[in-house]
Amino acid sequence: MASQTGAVFEKPSTLRIRVEEFLRASIMDGRLKGGERLREQELCDQLGISRSTLREALRTLEAERLISIEPHRGPTVVRITEKAARDLYALRGLLEGYAAHEFARLASDADIERLGKAVDALHRQAKGSNKAALLAAKREFYDVLLSGCDNDLVKDMLPGLLSRINLLRATSFARADRLPESMAEIDLIFEHIRARDPQSAQNAAQSHIANAERTALEVLKRQQQETSQGEDERPATKKRGASTAG
């Protein structure tokens, strides 16, 4: 009886999680872009799922602020604004700078070894072309960092931001020369942690985040300019078409 009950409740939950992961990954790697509408029937047909399962997954992504759901319009991928990026990086700088400080101060030798392995894995992924794998490796680095900083409140606060942080992280990688810079900055954070130098580790982490913010804002501004130009051209095209038809 227990196994039957488990089968009834676990399968839909597992399916919903897989749908969430698919949509989240599609947003992270740019297949679904900011401002793009999500057509529910097309997604249901593509994924072979019911509309109720899709809507449950969409509610989770809405809570993560990856999508917005508006009456009479439906779900739309959130377009990251310059203010949203600045707000997010400001909070990320405080929390992750603190995490690096406390990790250097409190982490065990085994924790530092785990962090070193995460850095090595990140370097391996940085040499490839799989952006999703690269973001997953960086997430693992931060998971180890947050586990070793021994602050439950920081660990509770960051998961709600994680998806948006990953989205901005994907944006900041859009500049070709940013990745080598980012890797060098992470190496420096780890060197200070390994040396048990909390203040230097915090400074290095905050510098890393400030540099990522600068790059992400450059990319966002360029994307906004391109979007604005595209919107300016569309009415002119319609007008020309109407004139020709007349």
Side-chain angles (χ1 to χ4, degrees), residues 24-25 28-29 64 85-219:
R24 192 180 292 112
M28 293 302 108
D29 64 19
E64 295 175 4
R86 290 186 186 279
D87 291 349
L88 184 52
Y89 274 111
L91 184 55
R92 181 183 165 197
L94 290 172
L95 294 178
E96 292 183 8
Y98 174 86
H101 183 284
E102 293 300 280
F103 193 100
R105 188 173 73 87
L106 299 172
S108 67
D109 291 343
D111 288 334
I112 292 178
E113 184 178 354
R114 284 180 61 215
L115 191 66
K117 290 179 179 178
V119 172
D120 290 341
L122 185 54
H123 273 283
R124 286 195 298 273
Q125 295 300 335
K127 295 175 182 176
S129 58
N130 187 330
K131 185 185 289 186
L134 177 61
L135 292 172
K138 195 160 190 181
R139 185 166 58 247
E140 173 63 18
F141 169 82
Y142 281 107
D143 286 346
V144 176
L145 185 71
L146 291 173
S147 296
C149 80
D150 195 31
N151 187 302
D152 292 338
L153 186 57
V154 171
K155 287 189 289 185
D156 287 343
M157 290 174 69
L158 275 176
L161 301 173
L162 184 59
S163 293
R164 282 173 288 160
I165 289 171
N166 282 343
L167 181 57
L168 287 168
R169 214 176 266 150
T171 299
S172 67
F173 285 148
R175 201 187 82 196
D177 58 344
R178 173 58 194 155
L179 184 54
E181 294 175 356
S182 178
M183 293 307 307
E185 292 160 8
I186 289 172
D187 286 341
L188 183 60
I189 296 168
F190 180 64
E191 286 175 16
H192 290 312
I193 286 174
R194 187 165 53 187
R196 299 287 188 177
D197 185 343
Q199 191 58 55
S200 294
Q202 180 174 354
N203 292 343
Q206 291 179 332
S207 177
H208 167 62
I209 293 163
N211 290 335
E213 177 186 13
R214 190 177 303 111
T215 302
L217 289 175
E218 289 173 1
V219 174

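Reckoned from all heavy atoms, side chains included, excluding hydrogens, waters and symmetry mates. Everything quoted here is computed from the prediction, not taken from an experiment.
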Hey, what do you get for [atom1] ([X]) to [atom2] ([Y]), rounding to the nearest 0.5 Å?
X      : Y      : atom1 : atom2 : answer
Ile186 : His123 : CD1   : NE2   : 7.5 Å
Leu146 : Tyr142 : CG    : OH    : 9.0 Å
Cys149 : Leu95  : SG    : CG    : 9.5 Å
Glu218 : Glu213 : CD    : CD    : 11.0 Å
Asp109 : Arg114 : CG    : CZ    : 13.5 Å
Asn151 : Leu106 : CG    : CG    : 9.5 Å

Counting C-beta onward and ignoring hydrogens, is there a side-chain heavy-atom pair between [X] and [Y] closer than 4.5 Å?
X      : Y      : result
His101 : Gln199 : yes
His208 : Glu96  : no
Leu134 : Leu179 : yes
Glu102 : Asp150 : no

Pair Met157, Leu153 - check side-chain contact (heavy atoms from CB on, under 4.5 Å), show working. CA-CA 6 Å; Met157 290 174 69; Leu153 186 57; 4.0 Å; yes
Would you name the heavy atoms of [X] and [Y] that are closest together and state the gap between them?
X      : Y      : value
Ala205 : Ala100 : CB-CB, 3.8 Å
Leu122 : Lys138 : CD1-N, 3.7 Å
Ile193 : Phe103 : CG2-CD2, 3.4 Å
Gly97  : Gln206 : CA-CG, 3.9 Å
Arg178 : Asn211 : NH1-CB, 3.7 Å

Salt bridge between Asp152 and Lys155, side-chain N to carboxylate O under 4.0 Å? yes
When you look at Phe190 and Ile112, which way does the side-chain contact (heavy atoms from CB on, under 4.5 Å) test go after all the steps? CA-CA 9 Å; Phe190 180 64; Ile112 292 178; 4.0 Å; yes
Checking the side chain of Ser147 only, and the main-chain atoms of Asp143 only, is there a donor and an acceptor separated by less than 3.5 Å? yes
Backbone of Lys117 reached by a side-chain donor or acceptor of Asp120 within 3.5 Å: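 Flag not set: sc Asp120 to bb Lys117 has no pair under 3.5 Å.
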Please determine whether side-chain contact (heavy atoms from CB on, under 4.5 Å) holds for the pair Ile189 and Leu145, giving the CA-CA distance in whole Å, both sets of side-chain angles, and the decisive distance to 0.1 Å. CA-CA 11 Å; Ile189 296 168; Leu145 185 71; 5.6 Å; no
Could you please spell out the steps behind the side chain to side chain donor-acceptor pair (under 3.5 Å) verdict for Ser108 and Asp111? CA-CA 5 Å; Ser108 67; Asp111 288 334; 3.2 Å; yes
